[in-house]
Asker: 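Dropping the structure in here first, questions after.
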Amino acid sequence: MKHFLVWSPVTVPGAAVKYSVEFQGEYERDYANDSWIPIGECTGISVTQCDITEDISATVPYDLRVRAGVGTQASHWATLSSFFNRVTTSLIPPMLTVTADGYHLLVELERLGPAFEFWIYYWKKGQGHKVYRKVVKDSSTTLHMDTMEAGTEYCVKAQTYVEAINRSSNFSQVQCVRAEGKAILVTFAPLFLVISVVTLLALLWVAWKTCQICQYSCCPNESLPDTLKVTESPARLLNYRGEETEKCDESVQVLPPEELLRLWIHETL
């Protein structure tokens with residue numbers, strides 16, 4: 001928030017006129033013998049305005065004066081007709097640009113400095129009873145206000161606020177923009193999402209079942225019959241078979257022919 005003291009020029013033919021500015025605050029009037037303090041940046045200047053922002057930083061009544069000089073000659077001081085207090089400053093409405101980027105409501109604000117806040121109000125056209133407000137302290141970037149409904153017109157207005165003086169500006173002119181596109185796309189977007197998810201899960205299930213069928217068809221997983229199952233370790237089985245063979249070999253006896261004939265006759269009878 002800047003303040004400038006501006007005055008009418010003094011014309012002296014053939015001479016360069018210089019100007020000097022001084023200020024007096026509440027302290028100087030009440031405690032410093034009604035003294036005046038020169039503004040260094042505005043002493044001996046040729047322009048007809050002075051930036052007094054830094055010198056009137058308190059919220060108290062200030063008096064300001066300026067005089068013209070040519071060489072060693074100087075005019076009388078010209079003072080304000082009344083004290084100036086920055087709390088009486090009238091803030092101008094901010095300049096803003098409202099656009100619709102797809103379904104995004106965007107606002108771009110002018111840059112006014114760190115002392116300013118911006119109060120942005122937006123609503124659906126025809127629904128002025130339901131107004132949303134967003135407070136912004138940094139206007140250096142484009143602001144995303146909301147996601148718009150397709151085919152719906154949104155309106156925006158803004159005002160500035162300065163906490164140091166507890167004052168706000170008037171509202172800017174209302175600007176309205178419309179989100180392009182068909183409303184059905186946004187209205188049924190959740191339904192489309194659910195259908196897409198269900199379809200994807202169904203496709204994954206079908207693919208899983210197809211893989212199982214292919215696996216069972218090409219490489220069936222059949223179990224061995226009980227008669228072919230080996231319930232004991234191979235080493236023990238081989239030892240057991242060897243012991244039976246040895247026992248059988250030991251039980252075989254070689255008999256003479258006469259004994260074999262006698263046994264055969266006995267069994268026949």
Side-chain angles (χ1 to χ4, degrees), residues 1-97 107-121 131 133-140 156-174:
M1 187 174 60
K2 295 185 177 295
H3 294 84
F4 293 88
L5 176 67
V6 181
W7 57 90
S8 301
V10 175
T11 303
V12 177
V17 180
K18 302 292 183 179
Y19 304 96
S20 297
V21 180
E22 295 180 351
F23 74 93
Q24 183 185 78
E26 191 174 54
Y27 177 83
E28 287 76 24
R29 283 192 302 272
D30 297 340
Y31 304 102
N33 298 324
D34 206 24
S35 60
W36 290 81
I37 300 176
I39 300 178
E41 296 80 4
C42 298
T43 299
I45 60 176
S46 57
V47 295
T48 57
Q49 71 174 19
C50 173
D51 185 353
I52 60 173
T53 307
E54 299 296 331
D55 300 283
I56 60 169
S57 56
T59 307
V60 298
Y62 285 92
D63 198 2
L64 295 159
R65 66 183 186 180
V66 59
R67 69 178 179 182
V70 176
T72 58
Q73 296 181 343
S75 68
H76 295 290
W77 291 100
T79 58
L80 295 176
S81 57
S82 60
F83 291 150
F84 172 76
N85 192 327
R86 67 177 188 173
V87 78
T88 62
T89 300
S90 297
L91 302 178
I92 62 174
M95 296 178 60
L96 72 159
T97 303
V107 174
E108 187 175 355
L109 295 163
E110 67 172 327
R111 301 183 64 177
L112 296 178
F116 283 83
E117 289 183 1
F118 297 88
W119 296 354
I120 307 174
Y121 300 83
V131 179
R133 190 186 81 163
K134 180 174 288 190
V135 179
V136 179
K137 294 185 178 182
D138 183 10
S139 61
S140 59
V156 181
K157 65 180 180 179
Q159 64 180 162
T160 55
Y161 172 75
V162 177
E163 184 178 4
I165 61 176
N166 193 26
R167 292 181 68 85
S168 58
S169 70
N170 294 328
F171 287 106
S172 63
Q173 292 185 350
V174 177

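No hydrogens, no waters, no symmetry mates; every other heavy atom, side chains included, goes into these values.
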Asker: Mark yes or no for whether R67, through its side chain, and A74, through its backbone, hold a donor-acceptor pair below 3.5 Å.
Answerer: no
Asker: Quick one: are Y121 and F171 in side-chain contact, heavy atoms under 4.5 Å?
Answerer: yes
Asker: Using 30° and 60° as the class limits, which term best fits the ring planes of Y161 and W119: parallel, tilted or perpendicular?
Answerer: parallel
Asker: Can you give me every donor-acceptor pair (side chain of residues 4-17, partner residue at least two apart or in another chain, under 3.5 Å) with its distance?
Answerer:
none

Asker: Side chains of M95 and S172, heavy atoms from C-beta outward: is any pair under 4.5 Å?
Answerer: no
Asker: Which distance, rounded to the nearest 0.5 Å, do you find between the CD of E41 and the CG of D51?
Answerer: 8.5 Å
Asker: Can you find a heavy atom in the side chain of D63 that is under 4.5 Å from one in the side chain of R65?
Answerer: no
Asker: If you take all heavy atoms of S169 and P93, which pair is closest and at what distance?
Answerer: OG-CA, 3.7 Å
Asker: Working to the nearest 0.5 Å, report the span between NZ of K18 and OG1 of T43.
Answerer: 12.0 Å
Asker: How long is the span from the CD1 atom in I37 to the OH atom in Y27, to the nearest 0.5 Å?
Answerer: 9.0 Å
Asker: Does Q24 reach the main-chain N or O of R29 with its side chain, forming a donor-acceptor pair under 3.5 Å?
Answerer: no
Asker: Assess whether atom CG of N33 is packed by more than 12 heavy atoms of other residues, nucleotides or ligands within 6.0 Å.
Answerer: no
Asker: On a heavy-atom basis, which atom in I165 and which in V87 lie closest, and how many Å separate them?
Answerer: O-CG2, 3.6 Å
Asker: Are Q159 and N170 close enough that some pair of their side-chain heavy atoms sits under 4.5 Å apart?
Answerer: no
Asker: Are the side chains of S20 and P38 in contact, using a 4.5 Å heavy-atom criterion?
Answerer: no
Asker: How about Y62 and N85: do any of their side-chain heavy atoms sit closer than 4.5 Å?
Answerer: no
Asker: With rounding to the nearest 0.5 angstrom, report the CG to NZ distance, L96 to K157.
Answerer: 12.0 Å
Asker: Checking side chain to side chain contact (heavy atoms under 4.5 Å, CB included) against F116, which of V162, L109, V136 comes through?
Answerer: V162
Asker: With a 4.5 Å cut-off on side-chain heavy atoms, are F84 and I56 touching?
Answerer: yes
Asker: Donor-acceptor pair, T53 side chain versus H3 backbone, under 3.5 Å?
Answerer: yes
Asker: Decide yes or no for V135 and E117: does some side-chain heavy atom of the first lie under 4.5 Å from some side-chain heavy atom of the second?
Answerer: yes
Asker: Grab the two heavy atoms, one from Y19 and one from S46, that are nearest each other, plus how far apart they are.
Answerer: CE1-O, 3.7 Å
Asker: Got a second to check how far I92's CD1 is from L112's CG, nearest 0.5 Å?
Answerer: 7.0 Å
Asker: Kindly compute the distance separating CG (D55) from SG (C50), expressed to the nearest 0.5 Å.
Answerer: 7.0 Å
